[in-house]
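Below is one structure, written out as structure tokens, with a few remarks after it.
Quick note on labels: first sequence line is chain A, next is B, and so on, each numbered from 1. Every heavy atom of this structure was used, including side-chain atoms; hydrogens, water molecules and symmetry mates were not.
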Protein chains: 2
Amino acid sequence: MSQRRPVTAQDVARLAGVSQSAVSRCFTPGASAAPQMRERVEAAARSLGYRPNLIARSLITRRSRIIGVALGYLHNQFYPAVLEALSEALQAIGYQVLLFTAPQEGDADPRIADILRYQVDGLVLASASLSSRLAAECRASGVPVVLFNRTTAGDDGTESVSGDNEAGAAMIAAFLVAGGHRRLAYVAGLENSSTNRDRQRGFCAALAAHGLAPPRIVAGGYDHTQAQRAAALLFASGDPPDAVFCANDHMALAVMDAARHSHGLRVPDDVSIIGFDDTAPASWPSFSLTSFSQPVAEMVAATVGLLVARLADPDAPARQLVLPGALVVRGSARLPARGLVTEAGRRIWRPQ
Amino acid sequence: MSQRRPVTAQDVARLAGVSQSAVSRCFTPGASAAPQMRERVEAAARSLGYRPNLIARSLITRRSRIIGVALGYLHNQFYPAVLEALSEALQAIGYQVLLFTAPQEGDADPRIADILRYQVDGLVLASASLSSRLAAECRASGVPVVLFNRTTAGDDGTESVSGDNEAGAAMIAAFLVAGGHRRLAYVAGLENSSTNRDRQRGFCAALAAHGLAPPRIVAGGYDHTQAQRAAALLFASGDPPDAVFCANDHMALAVMDAARHSHGLRVPDDVSIIGFDDTAPASWPSFSLTSFSQPVAEMVAATVGLLVARLADPDAPARQLVLPGALVVRGSARLPARGLVTEAGRRIWRPQ
DNA sequence: TTGAAAGCGGTACCAA
DNA sequence: TTGGTACCGCTTTCAA
């Protein structure tokens, strides 16, 4: 029998012969209620199929137990992995994820402003296409915001959790130089993203520090198709690179495929390719991609930690967390003579 | 200035010098309000940064404009693609997605029962690990439920949208037979899933219809690692198959990688491999996987359509939609002599 | 067209 | 420990 009118606490109260407040108390963890009454109420609730209405509850408690999560491009496997981990972690402490997908291009701000009307208890912004202004706006309205895998340009007090993009990219540069490469290229991610800015800066600065010329830079937009075009630009040119650092794995896989199948190059014999993120496909034998690993589990845990802390104390100082990663060495780039170590089952590079 | 107390319609009313109900009307699409008042209210709302509280609204309208979406394993690229499309489609008509990730193993029912307390307007269940009992329970509580990429065992009246798993698998069998294969294997998905049941049944029945022996069946659990083990079982055996149908792409990629890199086999010269779903990586040159394409866009549109229809009329008859797909032919399986056609830029197989 | 008032389904305070 | 009651922020009659 499909019941049209949902069962309310009032219905349960009537059936159990108690007041509605008593019913409420029976469903409130540390509230006072006599065992016998609690039993009667629970029996009534069970028989009616009563489920407390969380919407009504949050109206008064001013806590929805919902965290908004804004994501962009789910084709890059990094994000599904993040989303799954984040959702699991939040569910484990009694929160649900209200998902918000932002188009890769264009202004997603007006649409995400909507999410605030749902009274989310917090917000995780993991899309580069969301402006920093939006983040500031959310903070102004009192909603804790954590930027994930991105930072704001000026340190405007928005909390963030990210990997060490600059150090990672610098390590990749050092690794390639140690491997004897001299003609380097960088396939860039989204121009306006903080991750791309930091990775590019770290890579270029490290190359300069090693006395090398700046890398050739081609746009990849963190996009698979665009990265294929970038590969064509690089490999069909008169002076092809001997190593390519791609700003993320998603593009690196495209570049590797193009190198091998469109340009007849051997990897790493003819060209070394390195990615960033260390997503699952990087370890697949077809790719065996050397990549800088972002510590997804730790980043997610840190994000949840920041959220929880701020929920408990809205005036806690905002922190910008940068979590260290590791260069996971596989077969897509020529190996340097030294510095390779095995740690926790992964082969990583640790110079000196 | 971070405002602790959120702005309410009452605040706006006071500032604009009108009643609170008037403010409400100004934010209700087809409500009556004099242009001049509307202007005053909008100005006041703007200056205060007022955002109608959707939680409060849904308490009275009994519509949350939230759709719950339950997903399992996001490592299989099929699901991120579905989630993105679903979220976009729902956002476009003013709904948000409340995400629910179910562990691949174990009983996720108790945790998802929670989602009902959020008063979702509808539910999309796209995880095999959710019981049909749960679906029935949701329906009983009056929440429209659509099963996505799965069906219930008995036709118990739960709506569903799926690809034509049986016909697709049968077509794959016919394709392999036409390609001259005789020693077939099937890498199975989750044992208790409807998709696996249908694909296995379709494959086996078609083989039998062609007078072939039943395929060798090994368990893959829709999991990448398990599929690698399945490949080892198949290729290291005394009588390796000359063609393997994997119940989804995610496993097919693992099997292909194992075939090539662990067992020294050439694809498709030594063994043909076919998948199901036609996810993005299938078209990557490294794999060039022949796969039965599930029409994700159409499936998502149909799902949203069912939801909307049922929201409008809860008593509409429940429908089980099965959407046709196509066998997208690439390079991972030997080609039959005839039946290959190009359609909308895809090479597909259409026997007679 | 506008405002007053009655809820929506709960929580939380109060006095009993 | 219990029940009564005043809200939470909004929508929706109903009169004016």
For A:Ala31, all residues meeting side-chain contact (heavy atoms from CB on, under 4.5 Å), sequence neighbours excluded = A:Arg25, A:Thr28
Rounded distance in Å - OH (B:Tyr118) to C1' (C:dG10) = 15 Å
query = Whole-Å distance between D:dG4 C1' and A:Arg14 CZ?
reply = 16 Å
remark   = Rounded to the nearest 0.5 angstrom, the OH-CD1 distance for A:Tyr118 and A:Ile55 is 9.0 Å
ask   = Distance from B:Asn149 atom CG to B:Leu323 atom CG, nearest 0.5 Å?
value = 11.0 Å
remark   = salt bridge (charged side-chain N to carboxylate O under 4.0 Å, His left out) filter on B:Arg63, not counting sequence neighbours, yields none
request  = Evaluate the ring planes of B:Tyr50 and B:Phe27, with Trp represented by its six-membered ring, and classify them as parallel (under 30°), tilted (30 to 60°) or perpendicular (over 60°).
outcome  = perpendicular
Under 4.0 Å protein heavy-atom contacts per nucleotide of nucleotides 6-16 of chain D, with B for base, S for backbone only and - for none = -BBBBBB----
